[in-house]
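A short write-up of the structure that comes next.
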Amino acid sequence: MVLVRFWNRAKLLYSYLRRAERVPALPVEYIVETTAKCNLYCPMCPRETHKQPKQDMTEEIFERLVAGAARTGEHMMLIGLGEPFMDRKIFDRIEHCERHGIATLLSTNGTFLDEKTAARLLETPLAHITLSFDGASKETFERYRKGARFEKVRDNFVRFARMKKERGSRMQVVVQMVRMPGNAHEVEEFRRFWSAIEGVDQVRVKEDETNLVQPEGNRGGSRPCHYLWRGAMYVKHDGRVFPCCQSYNLDGAPAGDLRESSLEEIFNSEEMQRLRRLHAAGRAGEIDMCARCCTVIPHPLLAAGSLLLHGKWVRRAMPVIERMIYGSKLPKQWLASTRGDLVQIEPAKRDR
């Protein structure tokens, strides 16, 4: 399996460097929306412009995805436009991926992460969890996370991190704030508080990439989007597969449907080849969703590097690279943003 995945990455890298329209391999990662249900209203969330049904991904679609990705996929982020803990099968899905050698990641709003759920989650092989907390004060947090209580979610996250520490779990725990106009003034207090919590491995301040509360992007230049060659592809709860998570949010067309096609057919569908062709020619701006995208595009050397290593090492290396770029130890051109902002990630203070 190790050799198969290494060969898969090699073919992805070769295809990316050649800017090939057809790729004789499969993505290394997937964003998988196991549920479209959510219990909060968040003004920066694409749910507010793309209404979602109260539905979960069927076992048939999920198992078809995992079976197709098992030999080449390295990790799946079980998160989309829903709250993962509203999916009653979420623990089974984590275990199912593990049985097929695929690592899993989650992101949660924390409203369901009580002590019982935390204990159960720490018994799973989950590799990484992002705890989303968009503010350092009650007023700011509850403005962006309508329906959640500041004290309850904060206590849930603190308890979970400490339980992880006490049990010696190797699960990577990241507390993340999405920086927006209404919470930017609380960034330092956010970092100070969460860096002091035992069990938190990273404190992350991430730029908003949804276009809902900040100006849209203006994609230009010749740098092609590496997602088209390496993933992550975005799998909706109903089986539709999109080139990336932003393509769905920006009303792009699906690349295929797992109910009708295999992953191999979808990854080299006419739509995927069209997108690669335009990006390779420096004409990404002609694609409406790409022209409006605000996602940071790494330098081709970083994109190529992400295909030389297994996904778990890429996840550990990228925060270090981002910190160095943000701290001006590496050129800012290594991460190009259409808004000129950079992702900012800091480790917990005790790890410095």
Flag yes if Leu78 and Leu122 sit in one hydrophobic cluster, no otherwise; membership is Ile, Leu, Val, Met, Phe, Trp, Tyr, and two members link when side-chain heavy atoms are under 4.5 Å apart. yes
Residue list, side chain to side chain donor-acceptor pair (under 3.5 Å) with Asp92, at least two apart or on another chain: none
Joint cluster assignment, Leu65 & Ile90, ILVMFWY side-chain distance < 4.5 Å: yes
From Ile129, Asp114, Thr108, Val200, residue fulfilling side chain to side chain contact (heavy atoms under 4.5 Å, CB included) relative to Phe160: Ile129
Worked check of side-chain hydrogen bond (donor to acceptor under 3.5 Å, both in side chains) between Ser132 and Gln176: CA-CA 5 Å; Ser132 298; Gln176 176 177 288; 4.8 Å; no
Of all residues at least two apart in sequence or in a different chain, which pass the ring pair (Phe, Tyr, Trp, His ring centres under 6.0 Å) check with Phe242? Tyr248
Check for a donor-acceptor pair, side chain of His279 on one end and backbone N or O of Cys225 on the other, with a separation under 3.5 Å. yes
Determine, using the 4.5 Å side-chain heavy-atom cutoff (strictly less than), whether Met272 and Tyr227 are members of one ILVMFWY cluster. no
Check this for me: Tyr14, atom OH, are more than 12 non-hydrogen atoms of other residues, nucleotides or ligands nearer than 6.0 Å? no
The criterion is ring pair (Phe, Tyr, Trp, His ring centres under 6.0 Å); which residues satisfy it with Phe91, sequence neighbours excluded? none
Excluding sequence neighbours, so at least two apart, what forms salt bridge (charged side-chain N to carboxylate O under 4.0 Å, His left out) with Arg274? Glu271
Residue set satisfying side chain to side chain donor-acceptor pair (under 3.5 Å) with Ser261, at least two apart, ordered chain then number -> none
Begin with the C-alpha distance, continue with both residues' side-chain angles, and end with the deciding distance and a verdict on salt bridge (Lys or Arg N to Asp or Glu O under 4.0 Å) for Glu123 and Arg120. CA-CA 5 Å; Glu123 293 174 354; Arg120 185 177 179 187; over 6 Å; no
Roughly how far apart are Glu59 CD and Phe62 CZ, rounded to 0.5 Å? 9.5 Å
Taking all heavy atoms of Thr140 and all of Gly135, pick out the closest pair and write down the distance. CG2-CA, 4.1 Å
Not counting sequence neighbours, which residues clear salt bridge (charged side-chain N to carboxylate O under 4.0 Å, His left out) with Lys138? List them please. Glu142, Glu151
Can you name the side chain to side chain donor-acceptor pair (under 3.5 Å) partners of Asp288, sequence neighbours left out? Arg292
Listed partners of Phe141 passing ring pair (Phe, Tyr, Trp, His ring centres under 6.0 Å), at least two apart: Phe133, Phe150
Only counting residues at least two apart or in another chain, list the ones meeting salt bridge (charged side-chain N to carboxylate O under 4.0 Å, His left out) with Arg276. none
Hydrophobic clustering (ILVMFWY, side-chain heavy atoms < 4.5 Å, transitive) - are Leu278 and Leu17 grouped together? yes
Would the distance check show the side chain of Asn183 and the main-chain N or O of Met180 forming a donor-acceptor pair, the cut-off being under 3.5 Å? yes
Give me each pair satisfying ring-ring contact (aromatic ring centres under 6.0 Å, His included) with a member in residues 97-127, each pair once, sequence neighbours excluded. His96-His100
Leu263-Val235 co-clustered via ILVMFWY side chain contacts under 4.5 Å: yes
Show the atom names and distances, to 0.1 Å, of all donor-acceptor pairs under 3.5 Å that link a side chain in residues 22-37 to residues at least two apart or in another chain.
from: Glu29; atom 1: OE1; to: His75; atom 2: NE2; distance (Å): 2.7
from: Glu29; atom 1: OE2; to: Arg230; atom 2: NH1; distance (Å): 2.5
from: Glu33; atom 1: OE1; to: Lys236; atom 2: NZ; distance (Å): 2.8
from: Glu33; atom 1: OE1; to: His237; atom 2: N; distance (Å): 3.2
from: Glu33; atom 1: OE1; to: His237; atom 2: ND1; distance (Å): 3.1
from: Glu33; atom 1: OE2; to: Leu81; atom 2: N; distance (Å): 2.8
from: Glu33; atom 1: OE2; to: Tyr234; atom 2: OH; distance (Å): 2.7
from: Glu33; atom 1: OE2; to: Lys236; atom 2: NZ; distance (Å): 3.1
from: Thr34; atom 1: OG1; to: Asp87; atom 2: OD2; distance (Å): 2.8
from: Thr35; atom 1: OG1; to: Lys37; atom 2: N; distance (Å): 3.1
from: Thr35; atom 1: OG1; to: Asp56; atom 2: OD1; distance (Å): 2.6
from: Lys37; atom 1: NZ; to: Asp56; atom 2: OD1; distance (Å): 3.4
from: Lys37; atom 1: NZ; to: Asp56; atom 2: OD2; distance (Å): 3.4
from: Lys37; atom 1: NZ; to: Met86; atom 2: O; distance (Å): 3.4

Salt bridge (charged side-chain N to carboxylate O under 4.0 Å, His left out) partners for Arg259, two or more places apart: Asp257
Heavy-atom closest pair (Val174 atom, His128 atom, distance to 0.1 Å) is CG2-CE1, 3.6 Å
All heavy atoms of Ile197 vs all of Ala161, minimum pair found to be CG2-CB, 4.0 Å
Give me the atom names and distance for the closest heavy-atom approach of Pro43 to Glu48. CA-CG, 4.3 Å
